[in-house]
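First up is the structure itself, then whatever we jot down about it.
FYI, side chains are in, hydrogens and waters are out, and symmetry mates aren't considered; it's all heavy atoms of this structure. Throughout, a chain's letter reflects where its sequence line sits, starting with A, and its residues are numbered from 1.
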There are 2 protein chains.
Amino acid sequence: MAERLFDERGIAGTSLRAVTAKAGVNVAAVHYHFGSKEDLTRAVVLRHAGPVNAERLRRLDAIEAEAGPEGPRVESILEAFFRAPVQLWTEGGATGASFLFHEPAERIQPLVEEVMGEMASRFLAALVRALPHLEPGEVAERFQLVIGVLIHVLSGRMRWEPQPIPARSVDGRIRVLVDTLAAAMRAPAIEESS
Amino acid sequence: MAERLFDERGIAGTSLRAVTAKAGVNVAAVHYHFGSKEDLTRAVVLRHAGPVNAERLRRLDAIEAEAGPEGPRVESILEAFFRAPVQLWTEGGATGASFLFHEPAERIQPLVEEVMGEMASRFLAALVRALPHLEPGEVAERFQLVIGVLIHVLSGRMRWEPQPIPARSVDGRIRVLVDTLAAAMRAPAIEESS
DNA sequence: GTCTATAACGGGATAGAC
DNA sequence: GTCTATCCCGTTATAGAC
């Protein structure tokens, strides 16, 4: 339950009272079970990001198993990265733990590293293999752009008042992300002229 | 001054006392000059986003003036969109008002529309003209991805611990953004098969 | 284990002196 | 106009009854 409030109001803007009211319990119960608000948010993040990341890695394992020795294509890797969170968000409004990325950076950087680090490293390694024309650092740089896009999509701010964006199925949403960002990943390396 | 605190801690996480302490004045002064914390944040946003958006539009005007009847290229439009905020952020850590996009969506949507709406519409129109193979709604959809990338870049979260991303000059940063995202914008239209 | 009651604190806002 | 002092509220956290 709490993750919805964190999505809508942010962590700092969500009081324990709001969480407990929605859960039908008392404020003291939170402290009994979690110890503090920070421990609660940590538990919520681990609880929700865990399955999403596990599903991502399961899909990555699958496409790596059926790919040849050159490894899976960029499109397949990006789809494995996007599908679980986008599907979850489209269906139920739940987003795993995307609200984390709207919190102050310094505060939650260790938690992000802890909960996302291994998954992200696996995807980065796959992308490095699929993009031999780029240095690993350049792949990491572009993967960060992909992450930024996903955060924005999951933030629910992807609206345009005067010019509505097309209604899409889950597969359609994912295909837009995968096809456009694969093109971005494949763009030639940038050489600094300065 | 307040914008730095908003960047670092978020609006909800920044107390008026923290703002006034850094400014060397008293809490009452804020209420005298602005009326409330909300009015202060609004003033900060308008104060900082205004010049950035004006510079963006100035650059857009320039490239439209020197372009042929087919209008400027996607790369030129994206550079006009990115240069002012990225330059400001790289040089001084100031970001215009990017902290707005990490606040709860519902709360600040009207302000975002007010301060960004006209600028964004002008850029969207230019992109629609430069991408005749896409419906206007599809261009808006992809422009949202560009916006998500910019927000992420300005958030300062674009780090990668085990795999450092390349050090770049301002021009280098912008070129990466422009070249990769131009490729994303140019990718063929997605037709839903479902 | 879950509640009520309350402590201890920090927040935004305001009154009134100067 | 800018300060000090204060109000009043909501917050996290805890103590203790049950």
Check: Out of dC3(D), dG1(C), dG12(C), which nucleotide sits closest to the side chain of Tyr32(A)?
Finding: dG1(C)

Item checked: Glu79(A) and Arg59(A): CA distance, side-chain angles, deciding distance, salt bridge (charged side-chain N to carboxylate O under 4.0 Å, His left out) verdict -> CA-CA 9 Å; Glu79(A) 174 167 352; Arg59(A) 291 184 182 275; 5.5 Å; no

Next item on the list: May I have the distance from Lys37(B) (atom NZ) to dG10(C) (atom P), rounded to whole angstrom?
Entry: 16 Å

Item checked: Distance in angstrom units between His33(B) NE2 and dA13(C) C1', rounded -> 16 Å

Next item on the list: Could you check which of dA13(C), dA13(D), dT14(D) has an atom nearest any side-chain atom of Ala28(A)?
Entry: dT14(D)

Check: Looking for any heavy atom pair under 4.0 Å, which part of the strands does Val30(B) touch: base, sugar-phosphate only, or nothing?
Finding: nothing

Notebook entry, point to check: Once you round it to whole Å, what is the distance between C1' of dG12(C) and CG of Asp39(B)?
Noted result: 13 Å

Notebook entry, point to check: His31(A) has a side chain; which of dA13(C), dT2(D), dT14(D) sits nearest to it?
Noted result: dT14(D)

Check: Can you tell me if the side-chain N/O atoms of Ser15(B) get under 4.0 Å from OP1 or OP2 in dG11(C)?
Finding: yes

Check: In whole Å, what is the span from the CG atom of Asn26(A) to the C1' atom of dA15(D)?
Finding: 13 Å

Next item on the list: Say whether Phe6(B) and Leu88(B) are linked into one hydrophobic cluster, either directly or through other cluster members, by side-chain heavy-atom distances under 4.5 angstrom.
Entry: no

Note to self: Looking at Arg186(A), I'd like to know if its CZ atom is crowded, meaning that more than 12 non-hydrogen atoms belonging to other residues, nucleotides or ligands lie closer than 6.0 Å.
What the structure shows: yes

Check: If two hydrophobic side chains count as joined below 4.5 Å and joins carry through other members, does Val146(B) share a cluster with Ile77(B)?
Finding: yes

Note to self: If you only use heavy atoms from C-beta on, which nucleotide in dC3(D), dG1(D), dA13(C) is closest to the side chain of Ala29(B)?
What the structure shows: dC3(D)

Next item on the list: Could you tell me the separation between the CD atom of Glu38(B) and the P atom of dG11(C), rounded to a whole number of Å?
Entry: 19 Å

